[in-house]
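Everything below concerns the one structure shown next.
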Amino acid sequence: THQQDLAGKKILVSAGPTVEAIDPVRFLSNRSSGKMGYAVAQAAADRGAEVTLISGPTALAQPTNLKMIPIRSARELQEQLEENFDANDFVIMAAAVADYHVKEVADQKIKKHGRDVVELELVANPDILAALGQKKTHQRLVGFAAETQNLLANGAKKLAEKNLDMLVLNDVSRSDIGFNAADNEVRLLRPQEEPKLIEKTSKAQIAQEILDELLKLA
Ligand code: C5P
């Protein structure tokens with residue numbers, strides 16, 4: 001049993017990859033496993049929060065005691081976040097949103113027609129979190145960032161530019177943590193505060209510590 005210190009709080013979590021269609025059988029996506037976002041959603045539900053989890057396709061078991069909304073594309077993710085934004089106190093944006101979608105999705109399977117080279121035109125997706133950062137009122141917004149270099153500088157820039165209350169920073173140049181790993185090591189960045197290092201531990205434990213910090217923002 002857990003301490004019910006998030007009882008009465010409404011928490012919206014996004015997790016997993018987005019999947020951008022090319023044609024009816026093909027897509028562009030990324031290697032997000034959804035593990036970190038699911039760990040946060042499960043931990044928040046265990047601590048008594050009313051949780052809505054908006055998730056791209058993952059291989060994970062559905063967490064219990066929360067409302068699950070499946071999505072595929074960045075556009076669907078944005079629609080569901082916008083729809084649920086006002087009713088929530090905390091938004092934790094752990095989804096790995098594709099930076100681009102395919103400009104013209106073919107409605108039939110694309111055939112080879114003997115071509116050796118084909119071109120796919122890509123169009124930038126909106127920055128969903130930055131848009132939420134512009135319209136937030138009572139909400140506290142948490143973003144995630146995976147960086148391979150200049151971690152703290154890049155993280156601080158995202159925290160400010162997206163108008164976030166917290167940024168969870170991952171070093172994805174290491175293979176023992178981050179994408180698809182069971183463990184993680186993160187830095188929590190908040191405006192006007194020193195970064196807080198959470199040393200390598202399970203994603204379940206990182207999730208608890210993220211929620212501890214969130215409670216301080218409430
Ligand atoms: O990709 P980037 O490092 O900018 O991601 C930082 C945060 O912004 C993450 O929380 C991610 O979910 C969010 N994001 C978003 N829409 C995008 C790109 C990123 O909401 N198009």
Side-chain angles (χ1 to χ4, degrees), residues 11-21 27-41 44 51-58 69-85 88 90-103 122-136 139-174 177-180 184 186-191 195 198 203 206-207 209-211 213-214 217:
I11 303 189
L12 186 57
V13 182
S14 73
T18 70
V19 173
E20 311 295 335
F27 57 79
L28 295 175
S29 190
N30 61 63
R31 292 170 56 192
S32 168
S33 66
K35 283 177 189 166
M36 192 63 244
Y38 276 51
V40 172
V51 179
T52 304
L53 173 61
I54 307 178
S55 177
T58 75
I69 302 176
I71 55 91
R72 290 182 65 82
S73 66
R75 184 163 306 177
E76 288 170 14
L77 175 59
Q78 183 168 37
E79 273 172 24
Q80 291 301 329
L81 281 164
E82 301 272 349
E83 175 136 346
N84 287 279
F85 190 60
N88 278 276
F90 297 99
V91 180
I92 302 175
M93 188 75 190
V97 184
D99 289 325
Y100 294 90
H101 65 269
V102 178
K103 187 175 182 190
L122 303 179
V123 180
N125 279 327
D127 191 318
I128 301 170
L129 187 56
L132 296 177
Q134 289 310 307
K135 60 180 263 192
K136 74 176 176 184
Q139 292 92 349
R140 299 283 185 232
L141 274 191
V142 181
F144 280 68
E147 300 288 343
T148 56
Q149 55 183 352
N150 301 330
L151 258 64
L152 289 174
N154 285 332
K157 191 161 175 269
K158 283 181 188 176
L159 183 72
E161 284 178 355
K162 302 192 192 212
N163 198 23
L164 306 180
D165 300 287
M166 194 192 302
L167 185 80
V168 183
L169 192 59
N170 272 295
D171 180 352
V172 288
S173 66
R174 289 170 55 173
I177 56 174
F179 275 165
N180 208 24
N184 210 352
V186 301
R187 287 176 174 78
L188 301 185
L189 271 55
R190 284 153 303 169
I198 304 178
K203 286 183 176 174
I206 302 258
E209 299 202 27
I210 290 170
L211 294 174
E213 291 301 317
L214 263 193
L217 297 174

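Computed from a predicted structure; not experimentally measured. Counting starts at 1 for both ligands and their atoms, in listed order.
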Practice task
For Arg187, enumerate each residue passing the salt bridge (Lys or Arg N to Asp or Glu O under 4.0 Å) test, keeping only those at least two apart in sequence or located in another chain.
Solution key: none
Exercise for the section: Kindly write out the residues that satisfy side-chain contact (heavy atoms from CB on, under 4.5 Å) with Lys136, not counting sequence neighbours, or none if the list is empty. Expected result: Phe85, Gln139, Leu141, Asn163, Asp165
Fill in the blank from the handout: Of all heavy-atom pairs linking Gly143 and Leu129, the shortest is CA-CD2, 3.6 Å
Exercise for the section: Apply side-chain contact (heavy atoms from CB on, under 4.5 Å) to Asn88 and list each qualifying residue two or more places apart in sequence or on a separate chain. Expected result: Lys10, Leu12, Asn84
Completion exercise
Residues with a heavy atom under 4.0 Å from ligand 1, by chain and number, are Met93, Ala95, Val97, Pro126, Asp127, Ile128, Leu129, Gly143, Phe144, Lys158, Lys162
Completion exercise
Closest heavy-atom pair, Asn30 versus Ser32, reported as atoms and distance to 0.1 Å, is OD1-N, 3.0 Å
Handout entry: Ion pair Glu76/Arg72, N-O distance below 4.0 Å
Key = no
